[in-house]
A.B. asks: 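Please find one structure pasted underneath; my questions will follow.
Throughout, residue positions are numbered sequentially from 1 according to the sequence presented. Just so it is clear, the structure is predicted and the values come from calculations on it, not from any experiment.
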Amino acid sequence: MYEIPKIATPVVINLVNDETISGFIWLTENFISSTREARIEALLNQDEDRFFSFQSDAGAFRLINKQHVTFIETETDDTEIISRSTISPTTMVAHFVNAQTLFGMIYPSLPEESRVSDFLNLKSDFLVVYRQQKKIILNRNLIVYANAN
């Protein structure tokens, strides 16, 4: 039997019910960049499935409903994005439906994406910001409002 190799990517998932769970999202090679960066946001945005698989630190496997994820904290740092970015970053505070807030830095890839409104109106449901040099993937569908700082 053939198995597709997967890479365990450590994350902390913050859910709309205020539950926070630590563990691993398993990614295939096509969701790992050439610099070995995990592209969880690509998995969440590309896959039409409503659920993704997750293994908690305790070893339990879960299927997580994407629509209930407010944001995902990763261990990926901002080194790669800073080296590629030619546009000054913008700060934002996102306020979610469950009263969670998230401060983040946005690194636009194009000048027409440099405002917070441009960023939040991108086609993808899961967007990347950086907080304390770490990559955070947020669910824009659960944002009630955002402050541009």
Side-chain angles (χ1 to χ4, degrees), residues 4-16 18-57 63-149:
I4 298 172
K6 294 190 177 181
I7 299 162
T9 305
V11 296
V12 176
I13 298 179
N14 295 269
L15 299 170
V16 74
D18 291 327
E19 183 180 0
T20 301
I21 47 178
S22 298
F24 302 91
I25 293 176
W26 293 84
L27 300 174
T28 58
E29 288 283 333
N30 54 326
F31 293 111
I32 306 295
S33 74
S34 60
T35 58
R36 306 303 299 157
E37 179 184 325
R39 295 177 40 246
I40 298 167
E41 68 280 9
L43 169 75
L44 297 173
N45 285 319
Q46 176 190 349
D47 196 352
E48 294 178 3
D49 294 339
R50 289 180 97 100
F51 291 82
F52 63 93
S53 58
F54 173 81
Q55 182 181 10
S56 72
D57 282 343
L63 293 172
I64 306 284
N65 187 327
K66 291 182 201 178
Q67 295 175 336
H68 291 269
V69 173
T70 49
F71 59 92
I72 298 173
E73 303 170 58
T74 73
E75 293 184 359
T76 303
D77 67 24
D78 59 0
T79 305
E80 182 178 346
I81 192 72
I82 288 173
S83 70
R84 291 185 291 134
S85 186
T86 59
I87 302 168
S88 297
T90 302
T91 59
M92 173 188 80
V93 179
H95 299 264
F96 293 93
V97 296
N98 61 351
Q100 288 178 327
T101 59
L102 173 68
F103 172 83
M105 300 288 293
I106 300 167
Y107 288 90
S109 55
L110 301 169
E112 51 271 9
E113 297 172 357
S114 60
R115 298 177 305 172
V116 171
S117 60
D118 301 327
F119 175 74
L120 290 175
N121 285 308
L122 292 171
K123 301 260 188 251
S124 301
D125 288 336
F126 291 88
L127 303 171
V128 173
V129 297
Y130 290 84
R131 178 183 68 189
Q132 298 172 343
Q133 291 77 46
K134 295 295 182 186
K135 182 178 181 179
I136 308 289
I137 302 153
L138 60 85
N139 183 347
R140 74 177 178 127
N141 294 316
L142 295 177
I143 296 173
V144 176
Y145 66 93
N147 295 45
N149 295 337

A.B. asks: Just by distance, do the side chain of Ser124 and the backbone of Phe126 share a donor-acceptor pair under 3.5 Å?
C.D. replies: no

A.B. asks: Would you mind checking if Arg140 and Asp125 are paired as a salt bridge, meaning a charged N to carboxylate O distance below 4.0 Å?
C.D. replies: yes

A.B. asks: Find out whether Asp78 and Tyr107 are in side-chain contact, i.e. whether some heavy atom of one side chain is under 4.5 Å from a heavy atom of the other.
C.D. replies: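 Yes - at least one pair of side-chain heavy atoms lies under 4.5 Å apart.
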
A.B. asks: To the closest 0.5 Å, what do you measure between CD (Gln133) and NZ (Lys135)?
C.D. replies: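 Separation between the atoms: 15.5 Å.
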
A.B. asks: Do Ile82 and Tyr130 have side-chain heavy atoms sitting under 4.5 Å apart?
C.D. replies: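 The answer is no; the side chains never approach within 4.5 Å.
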
A.B. asks: Please check if the number of heavy atoms outside Gln132 that lie under 6.0 Å from its CD is greater than 12.
C.D. replies: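 Atom CD in Gln132 is not crowded, with 12 or fewer foreign heavy atoms closer than 6.0 Å.
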
A.B. asks: Any chance you could measure Ile137, atom CD1, to Thr76, atom OG1, to the nearest 0.5 Å?
C.D. replies: 7.5 Å

A.B. asks: Please examine the side chains of Leu110 and Asp118, heavy atoms only from C-beta on, and report whether any two atoms are closer than 4.5 Å.
C.D. replies: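 No - every pair of side-chain heavy atoms lies 4.5 Å or more apart.
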
A.B. asks: Can you give me the closest heavy-atom contact between Thr74 and Lys134, atom names plus distance?
C.D. replies: O-CB, 3.9 Å

A.B. asks: Would you say the side-chain atoms of Asn139 pair up with the backbone N or O of His68, donor to acceptor, closer than 3.5 Å?
C.D. replies: no

A.B. asks: Show the nearest heavy-atom pair for residues Ile143 and Ala94, with the distance to one decimal.
C.D. replies: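 Shortest heavy-atom separation between Ile143 and Ala94 comes out as CD1-CB, 4.0 Å.
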
A.B. asks: For the CD1 atom of Ile106 and the OG atom of Ser114, what is their distance to the nearest 0.5 Å?
C.D. replies: 9.5 Å

A.B. asks: Rounded to the nearest 0.5 Å, what's the gap from CD1 on Ile81 to OG on Ser109? Could you check?
C.D. replies: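 Separation between the atoms: 7.5 Å.
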
A.B. asks: Donor-acceptor pair, Thr90 side chain versus Val116 backbone, under 3.5 Å?
C.D. replies: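 Such a contact is absent between Thr90 side chain and Val116 backbone.
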
A.B. asks: Quick check for you: to the nearest 0.5 Å, what is the distance between Phe71 atom CZ and Leu15 atom CG?
C.D. replies: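 The CZ atom of Phe71 sits 10.0 Å away from the CG atom of Leu15.
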
A.B. asks: Is atom CZ of Arg131 surrounded by more than 12 heavy atoms (other residues, nucleotides or ligands) closer than 6.0 Å?
C.D. replies: yes

A.B. asks: Just wondering, do Leu127 and Met92 contact through their side chains at under 4.5 Å, heavy atoms?
C.D. replies: no

A.B. asks: Between Gly23 and Asp57, what is the shortest heavy-atom contact and its length?
C.D. replies: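 Where Gly23 meets Asp57 most closely, the heavy atoms are CA-OD1, 3.3 Å.
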
A.B. asks: Within a strict 4.5 Å, meaning less than it, do heavy atoms of the Thr70 and Leu138 side chains meet?
C.D. replies: no

A.B. asks: About how many Å separate CG of Leu43 and NZ of Lys66, when rounded to the nearest 0.5 Å?
C.D. replies: 6.5 Å

A.B. asks: Begin from the C-alpha positions of Leu44 and Val69 and carry the test side-chain contact (heavy atoms from CB on, under 4.5 Å) through to its verdict.
C.D. replies: CA-CA 11 Å; Leu44 297 173; Val69 173; 5.9 Å; no

A.B. asks: Does Asn98 reach the main-chain N or O of Val16 with its side chain, forming a donor-acceptor pair under 3.5 Å?
C.D. replies: yes

A.B. asks: Going through the checks in order, is the side-chain contact (heavy atoms from CB on, under 4.5 Å) test met by Phe96 and Asn14?
C.D. replies: CA-CA 11 Å; Phe96 293 93; Asn14 295 269; over 6 Å; no

A.B. asks: In sequence, state the C-alpha distance, the side-chain angles, and the governing distance for Leu63 and Ser53, and then conclude on side-chain contact (heavy atoms from CB on, under 4.5 Å).
C.D. replies: CA-CA 5 Å; Leu63 293 172; Ser53 58; 4.1 Å; yes

A.B. asks: Closest approach of Val93 and Phe103, non-hydrogen atoms and distance?
C.D. replies: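 For Val93 versus Phe103, the nearest heavy atoms are CG2-CD1, 3.8 Å.
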
A.B. asks: Do you know the tightest heavy-atom contact between Ala146 and Leu120?
C.D. replies: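 For Ala146 and Leu120, the tightest heavy-atom pair comes out as CB-CD1, 3.6 Å.
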
A.B. asks: Taking all non-hydrogen atoms of both residues into account, name the closest pair between Pro89 and Pro108 and its distance.
C.D. replies: CA-CD, 4.3 Å

A.B. asks: Give the intermediate values and the outcome of side-chain contact (heavy atoms from CB on, under 4.5 Å) for residues Asn65 and Phe52.
C.D. replies: CA-CA 7 Å; Asn65 187 327; Phe52 63 93; over 6 Å; no

A.B. asks: With side chains defined as the heavy atoms from C-beta onward, is the minimum distance between Ile72 and Phe54 less than 4.5 Å?
C.D. replies: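 Not touching, per the 4.5 Å side-chain cut-off.
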
